[in-house]
Structure formats: C-alpha cells, structure tokens
Student: 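Quick one: structure below, then a few questions.
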Amino acid sequence: MEHTSGGFSGEEFQNACEELQQFGRVGNDWQLLMEHEGFKIYRRLDETGLYEYKVFGVLDNCPPAVLADVYMDLDYRKQWDQFVKELYEKECNGKTVVYWQVKYPFPMSNRDYVYIRQRRDLDMDGQKIHVVLAQSTSAPQIPERSDVVRVNQYKQSLAIESDGKKGSKVFMYYFDNPGGQIPSWLINWVAKNGVPNFLKDMAKACQNYLKKT
C-alpha cells in the first residue's frame, strides 16, 4: 500500500477518470451499502478483512474547478472540517507530504496520517476532469506520537466533472486501516454518514469560497 516515490502514474489518474465516467456501474463484488440524497456508497472486503469504499454523487451549485481548489486548500479545510485537529504540508526528502490528524470520539485515540497527494486536470473527450490522488507514505521527519495512532495504510482517489448544470459529479474511492480496536458502530457511521457529510460540508465550503473570491 505504501508509496515511497514522489508521485502517481498516469494510469492511476486514468482509472479515476474511468470510474467517474462509469458513475456507479461497479463489479459484482461491490455491495451497495446505502443510497441517500443523491449519493451511492459501495463497499468491498479487501484481502486484509477491511472494507474499501466507492462513493458516487452530485453536488449542486458547486463548480468542479472550485470544488477541486477547495479540496486542495489545506488552510481553508481547517476552517470548515470539524474533525481536523492538525493539518499541514512539509517538505521531506525532496517531496511534499501532508500531515493530517483526525479527531476521534473519547475514549479513543486520535488518528494521524502522513501521505503524498497530487492533482491533475485532465481532458477526456472534451470534458475537463479534476483528479486528486492521495496515498500514505513514510517520512522519518514526522515521527509517530505516543498519544496518537498512526494510520500507515491509506489511499484515496477523487474525480470531479461538471454535472452539465452548475454542479459537480463526484467519484471518491477510499481505504484506510485505522488500527487499534475501532467499534463496528463507528466504522459503519463513518461509511454511511462521515463521507457523505464530508462531501456536503465541502459543497458548503465551496459557496463560502466563491464569496471570498
């Protein structure tokens, strides 16, 4: 799962674009977990016994380029994402990595992530698609903390294009191994509510972002 290089392959960006264009047409090994307010969430057990997820949905009145900009803006995210404890970029061995600490409910320990990410704006048959890829990496300059659990397996893909109106069609893939003993109710809550709520919060953040600019 771990990336030690500084970037992603063109094929990985292409795969995210294809998922967006198929928009919800998934293989038989993917199970529909829920459908709510225009979002569909699918999950599949991976070889570690944990679930990986695919999310498809439409965010109204949120232009694709703005949505991608908001997603990439870490300083702004600290203003609208209530679960961010700490978030910043750091140069490590010639590559830019992101440190992200997530608040967990008491009495569980917070989780933190060290990952690389990359954005490309691609042209697919005349349609612009914004793709952001992220994956955990190692960075000795950001050591683990005794009171926080380091998530060493994390992967996310985000692909965004116009819905033909004023909004965005969105595809998101994500997987992480949070480590420790996480109650099943919390895993289910994150899958069914956490990601859709995150995307909705990001859509609201887009409206405020537009007002700022």
Student: Would you say that Gln156 contacts Met172 through its side chain, given a criterion of any heavy-atom pair below 4.5 Å between the two side chains?
Tutor: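 The answer is yes, as the side chains (C-beta and beyond) meet within the 4.5 Å cut-off.
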Student: Measure the shortest side-chain to side-chain distance between Met202 and Tyr71 over non-hydrogen atoms and say whether it is less than 4.5 angstrom.
Tutor: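 Yes, at least one pair of side-chain atoms sits under 4.5 Å.
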Student: Output yes when a side-chain donor or acceptor of Asn110 lies under 3.5 Å from a complementary backbone atom of Tyr104, and no otherwise.
Tutor: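 Looks like yes, one N/O pair under 3.5 Å.
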Student: Would the distance check show the side chain of Ser157 and the main-chain N or O of Ala16 forming a donor-acceptor pair, the cut-off being under 3.5 Å?
Tutor: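 Checking the backbone N and O of Ala16 against the side chain of Ser157, no donor-acceptor pair under 3.5 Å is found.
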Student: Less than 4.5 Å apart, any side-chain heavy atom of Phe13 and any of Gln118?
Tutor: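 Touching, per the 4.5 Å side-chain cut-off.
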Student: Using modelled atom types and a 3.5 Å cut-off, is there a donor and acceptor pairing between side-chain atoms of Gln127 and backbone atoms of Met124?
Tutor: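 No: the side chain of Gln127 does not pair with the backbone of Met124.
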Student: By ring pair (Phe, Tyr, Trp, His ring centres under 6.0 Å), which residues pair with Phe198, not counting sequence neighbours?
Tutor: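 For Phe198 the ring pair (Phe, Tyr, Trp, His ring centres under 6.0 Å) partners, ignoring immediate neighbours, are Trp80.
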Student: Once rounded to the nearest 0.5 Å, what's the spacing between atom OG of Ser162 and atom CG of Leu67?
Tutor: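 It comes to 11.5 Å.
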Student: Output yes when a side-chain donor or acceptor of Arg117 lies under 3.5 Å from a complementary backbone atom of Met72, and no otherwise.
Tutor: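 Side chain of Arg117 to backbone of Met72: a pair is present.
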Student: Taking the side chain from Ser136 and the backbone from Asn152, do they hold a donor-acceptor pair closer than 3.5 Å?
Tutor: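 Yes, the answer is positive, given that a donor and an acceptor are paired below the 3.5 Å cut-off.
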Student: Does Lys40 have more than 12 heavy atoms from other residues, nucleotides or ligands lying within 6.0 Å of its NZ?
Tutor: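 Open.
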Student: Do the non-hydrogen side-chain atoms of Ile160 and Ile129 ever get within less than 4.5 Å of each other?
Tutor: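 A side-chain contact under 4.5 Å is absent here.
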Student: Salt bridge or not for Lys78 and Asp75, using N-O below 4.0 Å?
Tutor: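 Answer for the salt bridge query: yes.
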Student: Is the positively charged end of Arg111 above the ring of Trp100, judged by distance under 6.0 angstrom from the centroid and angle within 45° of the axis?
Tutor: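 That pair does not qualify as a cation-pi contact.
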Student: Report yes if some heavy atom in the side chain of Tyr51 is under 4.5 Å from a heavy atom in the side chain of Leu45; otherwise report no.
Tutor: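 Yes; the side chains approach each other to less than 4.5 Å.
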Student: According to the interplanar angle, ranging from 0 to 90°, do the rings of Tyr53 and Tyr174 count as parallel (below 30°), tilted (30 to 60°) or perpendicular (above 60°)?
Tutor: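 Judged by the thresholds at 30° and 60°, the geometry between Tyr53 and Tyr174 is parallel.
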Student: Please find the pair of heavy atoms, one from Tyr76 and one from Ala205, that lie closest to each other, and give the distance.
Tutor: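 Scanning both residues, the minimum pair turns out to be OH-O, 2.6 Å.
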Student: So, using salt bridge (Lys or Arg N to Asp or Glu O under 4.0 Å) as the criterion, who are the partners of Asp112 when residues are at least two apart?
Tutor: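 Residues passing salt bridge (Lys or Arg N to Asp or Glu O under 4.0 Å) with Asp112: Arg150.
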Student: Please round to the nearest 0.5 Å and tell me the distance separating atom CZ of Phe171 and atom CG of Leu158.
Tutor: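 Between atom CZ of Phe171 and atom CG of Leu158 there are 9.0 Å.
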Student: Salt bridge between Arg119 and Asp69, side-chain N to carboxylate O under 4.0 Å?
Tutor: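 Salt bridge: yes.
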Student: With a 4.5 Å heavy-atom cut-off, do Lys95 and Thr137 have their side chains touching?
Tutor: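 Lys95 vs Thr137: side chains touch.
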Student: In residues 21-32, what donor-acceptor pairs under 3.5 Å come from side-chain atoms, sequence neighbours left out?
Tutor:
residue: Arg25; atom: NH1; partner: Gln22; partner atom: O; Å: 3.3
residue: Asp29; atom: OD2; partner: Arg44; partner atom: NH1; Å: 2.6
residue: Gln31; atom: OE1; partner: Arg43; partner atom: NE; Å: 3.3

